[in-house]
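Hydrogens, waters and symmetry mates play no part in the numbers below; they use all other heavy atoms, side chains included.
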Amino acid sequence: MLRMSTLFLRTLRDDPADAEVPSHRLLVRAGYIRRIAAGIYSWLPLGVITLRNIENIVRQEMDRAGFQEVHFPALLPKDAYEETGRWKDYGPDLFRLQDRKGSDYLLGPTHEEMFTLMVKGEYSSYKDLPLALYQIQTKYRDEARPRSGIIRGREFVMKDSYSFDLTDEGLVESYQRHREAYIKTFDRLRMKYNIVSAMSGAMGGSASEEFLAPCETGEDTYVLCPKCGYAANVEAMTTVVAPGDASKVAPLEVFDSPNTPTIDSLVELINAKFGGGYDGSMTLKNVMLMADEKPISVLVPGDREVDLKRLQANLAGVNDVRIFEDADFAKFPGLVKGYIGPQDAKKNGITVYADPRIAPGTSWVTGANAKDKHARNVVNGRDFTVDAYIESAQIKEGDACPKCATPVIIDRAIEIGHIFQLGRKYADALGLTVLDQNGKSQVVTMGSYGIGVSRAVAAIAEQSNDELGLSWPVEVAPAKVHIVATGKEDTVFAAAETLATDLEAAGISVMLDDRRGTSPGVKFKDAELIGIPVIVVVGKALEQGNVEVRVRRTGEKSEVPVAQALTAITELLPTLP
RNA sequence: CGGGGCGUAGCGUAGUGGCUAGCGCGCCUGCUUUGGGAGCAGGAGAUCGGGAGUUCGAAUCUCCCCGCCCCGACCA
C-alpha cells in the first residue's frame, strides 16, 4: 500500500520551465521523474512502479510467446562492435569510455552483437533452432538532440529481442510471432497505435514495420489510408502512377523564358504564352545532388520538393547525399542553373533518377539547358531517359494510397516498437553458423525486435491525460485505487484505512491519502494529477455510511455504502481501460 | 552541428550599474480551518550557472567557459 503521508513524493503546482510536451510536464509535476541532465532522468517511486508495471506486461507477453529472457551488461568491451564495424560506424552517438588499463569500452546502444555471440557460444546445430531471446536493458545513445523529456533520452529502457533461424521461411515465421506478441503487448498497454511499413535503412534486411502511437508531439511522420488502412512511414510510402500515352504529344518545343527563377514564375509565363491550363505539377524539377560525391539528378514534379530522407532511405548503398553547391556546378558547365532539363544528362555524364510520378510516356515542361530557355512537350522515353525510378518526392496529405488510391492523411506519432528481419548481416560478421541436416555449415538468419519501455511511459502519458493531469490505464497505473480521506475525524481515517486494507487483501493495489491536516482541495488536485484510475473519497458521505467512487478518466461519480465499496470497485475495475 | 531562447532558494518568477536581492508556491513552529490548491503570526532557505575583467560600486556592463530548452540536420 502506498501512503501519501510517507510516500517520497512532492507534486508541483507550476509547470516546470524546461518542459513543453504534456508527458514531460505532467510526469515531472506529478512527481514521477526528475531531470538529471539532458535526456537523462531519475525515477521517483511513482515512476519506478509505473515503469515496472509496463516492463512486467512486456515480460509476460514475451514469455507467453515462448521467448526467453537473458540479460547483458550495459557496459561492454568494444571487441564485438569492432568486428561488425559499428565501433566506427555508430559515430558520436556511441558513449565510449576506457578502463584503468586504457582498454576501450562502450555503453550498449543496442545489443545485436552480444546476442549473436551468446548464441554462437552455446549452439551449433540446426536442431536448436528456431530460438528467440530477449532482454530488458538500459540503453545508451549520445543523441545529438535529446528532447521531449523521456520520449527521446540518452539513457532509456528498451526491451530488445532477437530471433535465430536456419531458413528464410523460418525467419518470416519468427517475425510473425513477434508481431503478434507486440500486438498483444500494446493492446494490454491500452495504447492507440498503427503498424506501419518502414524502411530497414542502414540495418539491411528486408521486411520492417514500426508500431507508431499517434500523438501530436510525436517526431515520426507517417501516412495512413482512411479507407483500406494502409499505413507507412513517409520514407516507405510508395507511389503508383500509370504510364502516360505520349503518342499524341507534339514534338519537343523550346521557348524563351527569361526571369523565371521559380516554378510559380514559370507557370505564370507558360500560361500567358500558351493560353493557360498549366500548373506546377506539370513542370519538371531537376534537382542536382552529390551522392557519395557522384553527380546525380533527381526528377520530381515542380510542385514538390525532393525529400532527402526518403531519397536516401531508398538509395541503396549510398551513405551521403548533399545538394549541389556552386563549386559542383562549376565542374559541369553543361548545367545551366535554373534551366536544367534531363535531355542532356547522358552528355553531361549524370545519372538520372526519377520519382515514380515521372512515369514513362508522361510529358513535361522543363529546362532547356540554356540560359532563359525552357522546353515543353518533353516526354519521358522519347526526349530523355531515366536510369532508375526512386521514391524521392515529398509526400503530401491527399496523395493516393498505393493500395486503393484513396487520398491518404498524414499524421505524427511516437515510435514505440520496431520489428524487422535482419537477415544474416550480424551472423555473417561474427561467424554464427550451425550444421544443417547434411552436416554442412549454414549461416543463421536473424530478426531484431524492440520496444521502448521507458518511452512507452511517455507515450501512454501523451495519449492519456487531460487538463487536470495524468490518467493511466488500470494495468499501468502505480495503484489501481486512490483513496482520499478528507476531514479531521478519526472515524474517516479509520474507515479509509479499513477499505484500503480490504482492497489490498483482495489483490487490488491502493494509494491511500492519509495525510492529516491537508485540505481536501489539495488531496483532490493531487489525486487527479497523479492519475490513478479510480478515486475513492471517504469523507462527508460517511455520515450516511457512504463513500464516493470516481472514475478519473470520465469524471463519473457515484456513492456506494462502505460495506459494498469493495464489491463495487472489484466490479468497476474490469470495465475500465 | 546550424538557428533561436534561457540560467536568480526545492519549484515558478521580479529585479538592466547604487541601501540588507523582492514576491508566490513549497518547507518549519504556533493557533485557527477541513469537500476543490485555507487564514493569521513567526521562521529557515540564494557561492544570482562558473571564471576573468571594467568600475568607488556588478545579479545588472564586457570577454571566455559550462549547462538547459525549442526549431532544424541527425536518430539500429
Side-chain angles (χ1 to χ4, degrees), chain A residues 9-21 24-25 28-29 31 34-40 81 84-86 89-94 108-113 115 139-149 151-154 156 158 160 162 198-205 208 210 217 219-220 233 235 308-309 312-313 319-323 415 417-420 422 425-426 446-450 452 455 468-469 484-489 492-493 513 515-529 535 537-543 547-548 550 555 557 559:
Chain A
L9 169 72
R10 195 101 302 158
T11 57
L12 306 176
R13 289 199 186 189
D14 301 304
D15 282 334
D18 62 359
E20 299 217 339
V21 302
H24 188 197
R25 256 177 36 226
V28 171
R29 268 192 66 199
R34 291 287 182 261
R35 191 180 60 74
I36 294 296
I40 302 177
Y81 290 77
T84 55
R86 288 213 287 187
D89 294 348
Y90 223 99
D93 280 12
L94 195 61
T110 171
H111 283 75
E112 278 83 3
E113 284 84 350
F115 274 86
K139 306 285 187 189
Y140 297 86
R141 293 181 197 173
D142 194 1
E143 298 277 354
R145 181 152 97 85
R147 73 186 91 182
S148 308
I151 293 177
R152 171 175 295 276
R154 294 193 293 169
F156 55 97
M158 179 166 160
D160 51 329
Y162 304 88
M199 300 301 300
S200 22
M203 294 299 295
S208 163
E210 287 170 358
T217 50
E219 46 182 359
D220 283 41
N233 196 303
E235 285 105 83
L308 285 178
K309 243 175 159 173
Q312 204 159 358
N319 292 319
D320 181 55
V321 176
R322 62 174 177 83
I323 303 265
E415 181 185 340
H418 195 170
I419 53 178
F420 62 94
L422 251 188
K425 174 176 172 175
Y426 289 91
M446 295 169 58
S448 159
Y449 318 90
R455 177 180 280 182
L468 296 172
V484 176
T486 66
K488 53 179 176 180
E489 303 303 320
V492 167
F493 284 85
D513 197 341
R515 288 175 293 178
R516 296 276 187 152
T518 300
S519 75
V522 170
K523 292 184 175 182
F524 294 146
K525 290 286 184 202
D526 276 346
E528 283 147 358
L529 180 61
I535 299 170
V537 184
V538 183
K540 265 191 343 198
L542 195 60
E543 285 172 31
V547 296
E548 185 180 309
R550 300 181 182 178
K557 299 177 188 181
E559 287 203 358

Q: Identify whether any heavy atom of A:K309 sits under 4.0 Å from a base atom; if not, whether one sits that close to sugar-phosphate; answer base, sugar-phosphate or nothing.
A: base
Q: Would you indicate which nucleotide in B:C69, B:U34, B:G35 comes nearest to any side-chain atom of A:K540?
A: B:G35
Q) Just checking A:E548: base, sugar-phosphate only, or nothing, at a heavy-atom cut-off of under 4.0 Å? A) base
Q. If you look at every strand shown and take non-hydrogen atoms under 4.0 Å, does A:V537 touch a base, only sugar-phosphate, or nothing?
A. base
Q.
I'd like to know if the side chain of A:R34 and the backbone of A:V28 have a donor-acceptor N/O pair within less than 3.5 Å.
A. yes
Q) So what does A:D15 hit on the nucleic acid, given a heavy-atom distance under 4.0 Å: a base, only sugar-phosphate, or nothing? A) sugar-phosphate
(Q) Just by distance, no angles: are the side chains of A:Y140 and A:D142 close enough, under 3.5 Å, to form a donor-acceptor pair? (A) no
Q. Is a side-chain donor or acceptor of A:K523 paired with a backbone partner of A:A485 at a separation under 3.5 angstrom?
A. yes
**Q.** Check: A:R141 side chain, A:P109 main-chain N or O, donor-acceptor pair, under 3.5 Å
**A.** yes
Q | Residue whose closest nucleotide on RNA chain B lies nearer the 5' end, A:R10 versus A:R35 | A | A:R10
Q | Span that lies between the P atom of B:U47 and that of B:U8, in whole angstrom | A | 11 Å
Q: With heavy atoms under 4.0 Å as the rule, sort A:R455 into base, sugar-phosphate or nothing.
A: nothing
Q.
On the nucleotide B:U34, are OP1 or OP2 found under 4.0 Å from the side-chain N or O atoms that A:S519 carries?
A. no
Q) Is A:E113 touching bases, backbone alone, or none of the nucleic acid, heavy atoms closer than 4.0 Å? A) nothing
(Q) Under 4.0 Å from OP1 or OP2 of B:G37: is there any side-chain N or O of A:K525 that close? (A) no
Q.
Please tell me whether A:E112 and A:T110 have a donor and an acceptor in their side chains that are separated by less than 3.5 angstrom.
A. yes
Q. Taking the nucleotide of RNA chain B with the closest heavy atom to each, which residue, A:E143 or A:A38, is nearer the 5' end?
A. A:A38
Q: Using a 4.0 Å heavy-atom cut-off across all strands, classify A:A144 as base, sugar-phosphate, or nothing.
A: base
Q.
Taking any heavy-atom pair under 4.0 Å as a contact, classify A:R147: base, sugar-phosphate, or nothing.
A. base
Q) Among the nucleotides B:C68, B:G37, B:G36, which one has an atom lying closest to any side-chain atom of A:T11? A) B:G37
Q: Using a 4.0 Å heavy-atom cut-off across all strands, classify A:A541 as base, sugar-phosphate, or nothing.
A: base
Q. Hey, does A:S148 reach any base, or is it just sugar-phosphate, or nothing, if we go heavy atoms under 4.0 Å?
A. sugar-phosphate
Q: Indicate whether OP1 or OP2 belonging to B:C11 is found under 4.0 Å from a side-chain N or O atom of A:R13.
A: no
